[in-house]
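Working notes, structure below.
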Amino acid sequence: MINPKPRVRFAPSPTGYLHVGGLRTALYNYLFAKNKGGEIILRIEDTDRSRYVEGAVENLIETLNWSGIKFDEGPETGGDYGPYFQSERLDFYHKYADELISKGKAYRCFCSPERLQKLREEQQKLKLPQIKYDKHCLNLTEEEVEAKLSAGEKYVVRLNVQPGQIVKIDDVIRGTVEFNTDNIDDQILIKSDGFPTYHLANVVDDHLMKITHVIRGEEWLSSTPKHILLYEFLGWEKPVFAHLPLLLNPDKSKLSKRQGDVAVEDYRKKGYLKEALINFVALLGWNAGDDQEFYQMDELIEKFSLERVNKAGAVFNIEKLNWLNGEHIRHKSVDELLPMLKEELKNSKYAENQYSDDYLKSVIEAMHERITFVRDIIEKSFYFFERPQNYDEKIVKKRWKEDTPGLLEKLMEEFGKLENPSKEDFEKAMRGLAESLGIGVGKLIHPVRLALSGVGQGPGIFDLIHILGKEETIERIKIALSKIKHSQEEN
RNA sequence: GGCGCGUUCGUCUAGCGGUUUAGGACGCCGCCCUCUCAAGGCGGAGAUCACGGGUUCGAAUCCCGUACGCGCUACCA
């Protein structure tokens, strides 16, 4: 009975940006579909005109594209089950709303917002266990309805819920969950502006688009019985439901803007790799049951299963994301990193400078294992892009001794003799000098590092020298010699 | 308030009745490697498995209750 090729959907509403929780929902849908050789559809749920945000759809699609989640059908790609904007599917919703009305499973309600408000307040005052619509308009005769209709009165369409019944949900993640219809309100299906609510639009579209599995956030679990009722009233086969645990703030509340970034584009701007974000978010609520933490998309597809999704919410912990970002950078080749570095350079203060690909590649090589973000190459090892403006006081104190200037003079002399030196040539020259002087090579290495970079840490000294080149190395040592001497004298 | 879901190291998690002195990862600390910083390797601290009852020869694992957290309770999704 289960379709061997599932069809799932990601159905965001365009209210601004793609939330990281949304990204994970989209991801799980994608992983599930691709693991089973199925299809994933992107559907835009734009039924709330008051929340419409200009450009949100474009932004959503752009961010989804960036993430590497590819949709088989949707606004961009098209497909046989369109249109993929709910605002363009109004006829469908009205058709089925009418069908429900004629079956007595739904009814028109002419109650004013004021009456509804008052009703709610009264029920609250009476401390009624549940606040529900009183089915007032269900008692209207056909003639009364006709009269109101022809008088042009505004109305909504409500689901006619019969109390005293048990609705069961078989959730892949949560097992069987039961609801008593006593607690279910006569949900509005069509708003007075003629647009459907989520509940109707969702069920109609999922059926029409032949969706087999509804994988969505836990916030929908409570309204699922309404959806099940709709499927039953319409005589449609229900999809399989899977309600995902929520993503949480460090204080365990639902992930929100106030406590950090929630928009995928924020993380993108900060320099997180899509591979790292995907990897991280995949692990928030799911694991394969082994010790693997590092995943590429294709491995996630291969190993993903809904059965292994957790029930409890997961705190979005930035530390682990940072680690994963570093891991994914380390797994990338220098050639893959090159265009990324160039892009970062374009947005840096070095945008006007020219660097050869070979130079940048050697810089990447040197910094590859020392960074969390590609941008770190520019920020942590700025000395590959400009001469140091000053020298770290602490390091000067620690490494710049009285005999240092003399030693560096000798070293420059040795380096000066080198013809087109390789990294090994520099090393041989420096170690040779140290040996002949009977000193530890550290007496040379540390001051040289300071002279070349201005700081006390970085790649191996011979890499640093070789990348900078003989001329620049000597020049920087000269500059340091004069500058650091000065500061010493001044003190 | 009502309904629903959840609860294992700070965080992400493994565990699906005995193999557990509860395993891994991030972070933290230490050691090794080493010219520094990383990366890597090794090790350490860190969880009375929310609490209380049961079931059982035996429970983190099954059942019930309590507490706490979260979600829903809109003409929002």
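Lettering of chains follows the sequences in order, A, B, ..., and the numbering in each one begins at 1. What you see below is based on every heavy atom in this structure, not just the backbone, and it leaves out hydrogens, waters and symmetry mates.
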Any non-hydrogen side-chain atom of A:C109 less than 4.5 Å from a side-chain atom of A:V157?
no

Pick base, sugar-phosphate or nothing for A:R216, based on heavy-atom distances below 4.0 Å to the nucleic acid.
nothing

Can the positive tip of A:R24 be found less than 6.0 Å from the middle of the six-membered ring of A:Y28, inside 45° of the ring normal?
yes

Integer angstrom distance from the C1' of B:C75 to that of B:A60:
47 Å

Rounded to the Å, how far apart are A:E293 CD and B:G23 P?
16 Å

Compute the centroid of each ring, for A:F280 and then for A:Y272, and state whether the two points are separated by less than 6.0 Å.
no

Return a single string for nucleotides 64-77 of chain B, one symbol per nucleotide in 5' to 3' order, where B is base contact, S is sugar-phosphate-only contact and - is none, cutoff 4.0 angstrom on heavy atoms.
------SBS--BBB

Watson-Crick or G-U wobble mate for B:U21, both contacts under 3.5 Å
none

Taking the six-membered ring for Trp and the single ring otherwise, decide whether the centroids of A:F304 and A:F32 are under 6.0 Å apart.
no

From NZ of A:K320 over to P of B:G24, roughly how many Å is that when rounded to an integer?
13 Å

Considering only the C1' atoms, how many Å lie between B:C26 and B:A45, rounded to the nearest integer?
15 Å

When you compare B:C68 with B:A50, how far apart are their C1' atoms, in angstrom units rounded to a whole number?
8 Å

Distance between P atoms of B:A25 and B:C35 (Å, rounded)
29 Å

Mark yes or no: A:R43 above the aromatic ring of A:F85, with NZ or CZ under 6.0 Å from the six-membered ring centre and no more than 45 degrees from the axis.
no

Between A:L321 (CG) and B:G27 (P), how many Å, whole number?
12 Å

Look at atom NZ of A:K132 and say whether more than 12 heavy atoms of other residues, nucleotides or ligands are closer to it than 6.0 Å.
yes

Please tell me which of A:L284 and A:P129 maps to the more 5' nucleotide of RNA chain B, matching each residue to the nucleotide holding its nearest heavy atom.
A:P129

Expressed in whole Å, how much space separates the C1' atoms belonging to B:A47 and B:G53?
23 Å

RNA chain B-proximal residues of residues 169-181 of chain A, any heavy atom under 4.0 Å
A:R174, A:V177, A:E178, A:F179

For A:H207 and A:Y231, I'd like to know if the aromatic rings sit close, meaning centre-to-centre distance below 6.0 Å.
no

Do NZ/NE/NH1/NH2 and the carboxylate oxygens of A:K105 and A:E232 come within less than 4.0 Å?
no

Taking any strand in view, what nucleotide pairs with B:G6 in a Watson-Crick or G-U wobble way, both distances under 3.5 Å?
B:C68

Distance flag, aromatic centroids of A:Y267 and A:F316, threshold under 6.0 Å
yes

Work out how far the P atom of B:U56 is from that of B:C16, and round it to whole angstrom.
23 Å

Is the Lys NZ or Arg CZ of A:R158 less than 6.0 Å from the centre of A:Y107's six-membered ring, within 45° of the axis?
no

Nearest-angstrom distance from the residue atom NZ of A:K168 to P of B:C3
20 Å

Within-4.5 Å side-chain heavy-atom neighbours: A:Y295 and A:I278
no

How close or far is atom C1' of B:C3 from atom CD of A:Q165, stated in whole angstroms?
17 Å

Return the value, rounded to whole Å, for the distance between atom CG of A:N183 and atom C1' of B:C5.
15 Å

Suppose we define a pair by two distances each less than 3.5 Å, Watson-Crick or G-U wobble; what does B:C35 pair with here?
none

When the P atoms of B:U55 and B:U61 are compared, how many Å lie between them, rounded to an integer?
15 Å

Partner nucleotide of B:A47 by Watson-Crick or wobble geometry (both distances under 3.5 Å):
none

Between A:R9 and A:N29, a side-chain donor and acceptor under 3.5 Å
no

Rounded distance (Å) that lies between atom P of B:G1 and atom CD of A:Q123:
18 Å

Assign a letter to each nucleotide of nucleotides 28-51 of chain B from its 5' end: B, base within under 4.0 Å of a protein heavy atom; S, sugar-phosphate only; -, no contact.
-------BBBBSS-----------

Looking at B:C12, I'd like to know if its phosphate oxygens (OP1 or OP2) sit under 4.0 Å from a side-chain N or O belonging to A:N317.
no

How about NZ on A:K135, more than 12 heavy atoms from neighbouring residues, nucleotides or ligands closer than 6.0 Å, or not?
yes

What's the CG-P distance between A:N325 and B:C26, to the nearest Å?
15 Å

Which value, in whole Å, describes the distance between the C1' atoms of nucleotides B:G46 and B:U13?
15 Å

